[in-house]
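Every chain is numbered from 1, with letters handed out A, B, ... down the list of sequences.
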Protein chains: 2
Amino acid sequence: MTQVAEGTRSARRAELIGAAARLFSERGYHGTSMQHLGDALGLKRGSLYAHIGSKEELLFDVVDDGAERFLARGAEALASTGTAADRLSTFLIGHIETAIEHLDAATVFLNEWRYLSDHLRSVVQAKRDHYEGMIGTIVTEGVASGEFRSDADARFAVLLVLSAGNWVYEWYRPGGRLGPQEIGEKFADLIVSGLKTKRQKGSA
Amino acid sequence: MTQVAEGTRSARRAELIGAAARLFSERGYHGTSMQHLGDALGLKRGSLYAHIGSKEELLFDVVDDGAERFLARGAEALASTGTAADRLSTFLIGHIETAIEHLDAATVFLNEWRYLSDHLRSVVQAKRDHYEGMIGTIVTEGVASGEFRSDADARFAVLLVLSAGNWVYEWYRPGGRLGPQEIGEKFADLIVSGLKTKRQKGSA
DNA sequence: CCTACCGATCGGTAGG
DNA sequence: CCTACCGATCGGTAGG
């Protein structure tokens, strides 16, 4: 019975986090009021506090959700076999697929996390660092093995990859002529080719 | 005398727009109150309305300022001579230099413009379209002349270039080991090389 | 999950 | 450019 009550409560909570992801991504964190969130669920403003502790906690839940999705997908790419170029492609494709499949959470993760207060923001910062480290690992291995240009500064390539991937939510709209997979592959193709050594290019 | 009064008034207005660029970029449009803006200028909240019509008008001024800087710089690159690859590099370097040199205005231009109401947002949208069109022109010419891979879909390359350039404000901090010029060149090198045909690469 | 309320703050205006 | 004010709304709580 407590089970049922708990079950119901977390279902509501999940609903609330989903609505928050959508509203925060559309209107921004500061542009979304508890009233907006209540309206979205058909509840009164004050009733929301039966499910959450504060508005900021809700932001954290959405952001952390987004972070975890990127991390899980990134870990898969990191663990995959193949050349560094293959794994970098896989990583980038996964990044873009994740961003597109969970567009709301990804948008909030990328745009609104900076409004978290110090403590919660540092939790997210650690996850972001971890994620960037994954890309750095692949690039460094590619340089070491001679696949990538030795002047291709690893840190810089990481930024390029993230830059390309992170802007997707700006222009991607469901139902366009390219799906997540195609977009990821095209990005990966252009970027990875820019990293490759001449010898590798010739032999491809 | 009216001259002097007008002069004083616009100096204040410019000050206000500068403060708004900084605050909106740090705290977001909805996270910045007129009180914050007043404090930044040492004025009372209500006094700001001697210089502006509304908070939204202030957002438009900052965003439009950013748009105009990108457009001016882009027009220079478009008018420059050289191969399509040269001009695309010039364009991208200019984009990144502009973003870095006017980091606050660029950040607001890229992140906060969506909070403008329909009319003002459409004015900005037209300028964004114009800007994207400039890049499209260069890429299309590069494909036509055989410099760029024919499968390098122009629209897609535009997105890649903008994606790479638009994320700069996320990680760039003044005083880092790379300056705007170096960052722009590195980006341009990686991206343009991904667009080039094999023949062009060999002859480079 | 609601009603009713808290103090604080919001953008903006009038009148000087 | 300030004082004093407008109605509306903010996030959040108490008590049921």
Side-chain angles (χ1 to χ4, degrees), chain A residues 1-2 4-21 23-24 26-63 108 112 114-121, chain B residues 1-2 4-21 23-24 26-63 108 112 114-121:
Chain A
M1 35 208 84
T2 310
V4 175
E6 292 281 327
T8 304
R9 198 145 60 210
S10 20
R12 265 301 199 202
R13 194 169 207 278
E15 246 187 295
L16 186 45
I17 293 173
L23 285 167
F24 290 169
E26 272 173 23
R27 320 177 56 104
Y29 174 64
H30 289 301
T32 303
S33 67
M34 298 307 291
Q35 184 70 59
H36 288 130
L37 285 159
D39 290 350
L41 270 76
L43 298 183
K44 296 296 173 185
R45 198 166 84 256
S47 306
L48 300 174
Y49 290 87
H51 307 287
I52 57 164
S54 69
K55 188 188 177 192
E56 189 188 11
E57 181 193 304
L58 200 47
L59 173 59
F60 177 79
D61 284 342
V62 174
V63 167
V108 176
E112 310 294 321
R114 62 201 183 104
Y115 300 124
L116 289 167
S117 55
D118 289 353
H119 174 63
L120 292 177
R121 201 176 59 249
Chain B
M1 35 208 86
T2 309
V4 175
E6 293 279 328
T8 304
R9 198 145 61 211
S10 16
R12 265 303 198 200
R13 195 169 207 278
E15 245 187 297
L16 186 45
I17 294 174
L23 285 168
F24 291 168
E26 271 172 25
R27 322 177 53 104
Y29 175 64
H30 284 122
T32 303
S33 68
M34 297 308 290
Q35 183 70 57
H36 289 131
L37 285 160
D39 290 348
L41 271 76
L43 297 182
K44 295 296 172 187
R45 199 166 85 254
S47 306
L48 300 174
Y49 290 88
H51 308 288
I52 56 163
S54 68
K55 188 188 176 191
E56 189 188 9
E57 183 194 302
L58 200 48
L59 173 59
F60 177 80
D61 285 342
V62 175
V63 167
V108 176
E112 309 296 321
R114 62 202 181 104
Y115 300 124
L116 289 167
S117 57
D118 289 353
H119 174 61
L120 291 177
R121 200 177 59 248

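In this structure, B:His30 and B:Tyr115 have perpendicular ring planes: the angle between them is above 60°, well past the 30° mark.
Rounded to an integer number of Å, the gap from OH of B:Tyr115 to P of C:dG11 is 15 Å. Taking atom CD of A:Glu15 as the reference point, atom P of C:dC1 lies 9 Å away to the nearest angstrom. Spacing between atom CD of A:Gln35 and atom C1' of C:dC10 amounts to 15 Å, rounded to whole angstrom units. Atoms NZ (A:Lys44) and P (D:dG15) sit 22 Å apart, rounded to a whole Å. Summarising the geometry, the separation between CG on A:Leu16 and P on D:dG11 is reported as 13 Å, rounded to the nearest angstrom. Regarding B:Leu59, its CG atom lies at a distance of 13 Å from the P atom of C:dG11, rounded to whole Å. Distance, B:Met34 CE to D:dA8 P: 20 Å, rounded to whole Å. Taking atom OH of residue B:Tyr49 and atom P of nucleotide D:dC5, one finds them 19 Å apart after rounding to whole Å.
Between D:dC1 and B:His51, a contact under 4.0 Å exists linking OP1 or OP2 to a side-chain N or O. Between A:Ser33 and D:dC10 there is a side-chain N or O to OP1 or OP2 distance below 4.0 Å.
The pairing partner recorded for D:dG16 is C:dC1, the criterion being a Watson-Crick or G-U wobble arrangement whose two distances lie under 3.5 angstrom. Across every strand in view, C:dG7 sits in a pair with D:dC10 that passes the Watson-Crick or G-U test at under 3.5 angstrom.
Residue B:Arg12 has its side chain nearest to D:dC1 when only D:dG11, D:dC1, C:dC1 are considered. Checked against D:dG12, C:dG11, C:dC1, the side chain of A:Ala50 finds its nearest nucleotide in C:dC1. Nearest to the side-chain atoms of A:Ser47 among the listed nucleotides C:dG11, C:dC2, D:dG12 stands C:dC2.
When side chains are defined from C-beta on, B:Glu15 does not count as touching B:Leu43, because their heavy atoms never get closer than 4.5 Å. Put simply, the side chain of A:Arg13 reaches to within 4.5 Å of the side chain of A:Ile17, judged on heavy atoms.
Residues B:Phe24 and B:Leu59 share a closest heavy-atom pair of CE1-CA, 3.8 Å.
Toward the 5' end of DNA chain D, the nearer of the two residues B:Gly46 and A:Thr32, judged by each one's closest nucleotide, is B:Gly46.
A donor-acceptor contact shorter than 3.5 Å is absent between the side chain of B:His51 and the backbone of B:Leu48.
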